[in-house]
Amino acid sequence: MNENDSLIFNMSDRADTPSRIPFVVQVVVIQIVKELMDLYTDHGNNHKEIPLPAGRLHVFANDEIFASLGAKVYDMADNNLRIPGNIHMSYTPDAHVGIGTCIGTTAVWDMADGYVSPSIVGSDIGCGMRVHLTPLSKEDILDKKVRRELIRAVEKMVPVNNRSASTYQDIDLEKVVTHGLKGLPQQYIPDAYTPNRKTSISHVENAQFTFDTDYLEYIQSPQWGRGKKQIGTLGGGNHFIEFQVIEIEEEQREIADKWGMKDGQVVVMIHSGSRAWGAMMGREYKKDFEIWMSKKGIGTRDPNLVFAPINTDEGQRYLNLMYSALNYAVINRHMIAYGVLEGMKEVFGSKVEMPVLYDLMHNYALEEKHDGKSRLVHRKGTTRALPPGHSLNATPYQETGHPVLIPGSMGTASYILVGQSEGVKNYYSVCHGAGRIRSRRATKEQVTVDEFSSSMKVGTDEEILVNHRSLQTILDESPQAYKDVDQIIDSVVGANLATVVARCRPLAVIKGV
DNA sequence: ATGTAC
């Protein structure tokens with residue numbers, strides 16, 4: 001992609017991010033930023049530092065990806081840097097324009113006197129990834145008939161249509177948003193998730209986020225109904241369930257062994273979030289922040305970017321309720337996986353085990369200790385990648401560091417990485433995926449179904465099977481909508497933020513609508 | 001991303 005293309009893309013994205021300042025002024029801003037872009041410092045190892053008018057932006061990208069970033073993403077970073085007291089702001093190579101803040105942003109404030117921004121967390125709070133290992137190898141599901149059967153069996157348990165209701169009526173919503181995985185009935189923490197029942201939830205990043213439950217009183221009654229109805233449902237857009245086959249990276253074979261991963265093994269990768277529960281939170285509390293800002297006379301160049309100090313009623317209400325959405329997202333992925341396990345049992349027999357490898361998020365703000373200080377780390381489309389030995393690692397991963405789950409696109413590859421100690425320079429944040437190069441609308445206009453189906457190898461023995469009769473309905477999720485994931489991985493590996501443990505190629509894909 | 005918002 002050349003620079004002109006990226007500029008056109010970013011200009012057309014303006015429609016999604018309306019701004020109250022006149023168009024002419026925006027052009028001037030972009031030109032100022034463009035001049036400053038030439039003044040960036042190159043630290044080497046895919047790490048660039050850009051002196052924007054409002055502060056410094058770190059960019060972790062190889063030269064090719066760096067050259068493809070349009071002016072609009074720098075304009076957005078400049079807006080975000082205007083929030084007082086920012087300590088660190090960065091882009092991972094998958095950075096692209098989002099609402100108020102780019103996807104691919106890591107932004108940090110001190111807990112003591114810092115700010116929180118629902119715009120930097122983004123709309124799908126707690127959205128993230130989960131991977132389960134299976135006892136199957138590629139040969140077991142190469143037959144298309146078997147894969148079709150598997151897709152059908154999973155769809156019986158995991159609703160993929162927007163309005164279909166949860167399979168589970170015996171889950172107490174208040175319990176799970178309060179206690180996370182610990183609030184689930186015991187039968188949903190099956191032995192088959194792990195050889196040892198006791199460890200199954202210690203494998204995930206956070207089994208429970210604690211918060212002041214008095215704030216749950218702010219949740220309106222329709223939300224409780226909707227939340228209950230959507231437990232264990234997939235959602236639409238980029239959310240998916242994939243059956244993938246893994247190839248271990250030679251140099252990391254030792255870690256792969258410890259994680260129980262083998263060459264040619266089939267794994268289940270899940271991408272989903274907090275559904276309507278978290279979406280409501282973002283919408284509802286954005287209003288709170290707007291009122292706070294107008295009371296204080298604080299304006300922004302982008303009305304979609306709202307923020308308030310952590311130590312305000314508004315900040316506290318948002319943070320506490322955001323944690324309920326993180327709990328929702330984790331149990332939602334857990335229950336999706338439970339549905340997949342039931343589907344697997346139907347096809348491969350009741351003895352199938354499906355241990356969870358890991359579950360982690362890429363949209364949230366979390367209090368973390370850095371340099372001995374408590375800081376609020378916002379990750380909007382970035383993934384935490386803790387290095388070996390870091391004390392925040394989940395118990396089974398203390399020694400190795402935890403698996404970092406990075407989806408590609410449905411026609412390419414996904415990756416499992418592990419963090420590096422040098423990642424401290426970016427608050428241990430890496431990319432969250434390939435990142436879009438085209439908006440949904442632009443993809444539908446520019447990519448044909450033929451191009452899409454040829455990248456899915458339709459009609460060949462290597463065909464990646466999809467649960468949709470026609471690819472037309474999910475055209476905006478075609479591989480052509482995304483950056484080249486190999487370039488993204490090359491960027492973070494070259495920046496010494498993480499290394500590759502395994503490459504995962506899709507064999508079957510389940511998408512929502 | 002979202003029973004796609006006012």
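We name chains A, B, ... by the order of the sequence lines, and we start the count at 1 in each one. What you are looking at is a predicted structure, and each value in this text was computed from that prediction instead of being measured.
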Please state whether the phosphate of B:dA5, meaning OP1 or OP2, lies under 4.0 angstrom from any side-chain nitrogen or oxygen of A:Arg283.
no
Rounded to whole Å, CZ of A:Arg440 lies from C1' of B:dT4 at a distance of 11 Å
Results of side chain to side chain contact (heavy atoms under 4.5 Å, CB included) for A:Asp484 - residues two or more places apart only:
A:Asp486, A:Gln487
Just the rounded figure in Å: distance from P of B:dT4 to CG of A:Asp476.
18 Å
When all nucleic acid strands are considered with a 4.0 Å heavy-atom cut-off, which category describes A:Gly122: base, sugar-phosphate, or nothing?
nothing
Between P on B:dT2 and CD1 on A:Ile125, what's the gap in Å once rounded to a whole number?
12 Å
Once you round it to whole Å, what is the distance between P of B:dC6 and NZ of A:Lys286?
11 Å
Value in whole Å for how far the P atom of B:dT2 lies from CG of A:Asn304:
18 Å
Rounded to whole Å, please give me the gap between NZ in A:Lys287 and C1' in B:dA5.
9 Å
A:Gly273 near the nucleic acid: base, sugar-phosphate alone, or nothing, with a heavy-atom cut-off under 4.0 Å?
nothing
I need the CD1-P distance between A:Ile99 and B:dA5, as an integer number of Å.
11 Å
Partners meeting side chain to side chain contact (heavy atoms under 4.5 Å, CB included) with A:Asp313 (sequence neighbours left out)
none
Please state whether the rings of A:Tyr74 and A:Phe66 are parallel, tilted or perpendicular, taking 30° and 60° as the class boundaries.
perpendicular
Would you check if there is a donor-acceptor pair between the side chains of A:Thr473 and A:Ser470 at a distance under 3.5 Å?
no
Length of the CZ-P vector between A:Arg275 and B:dT4, whole Å
12 Å
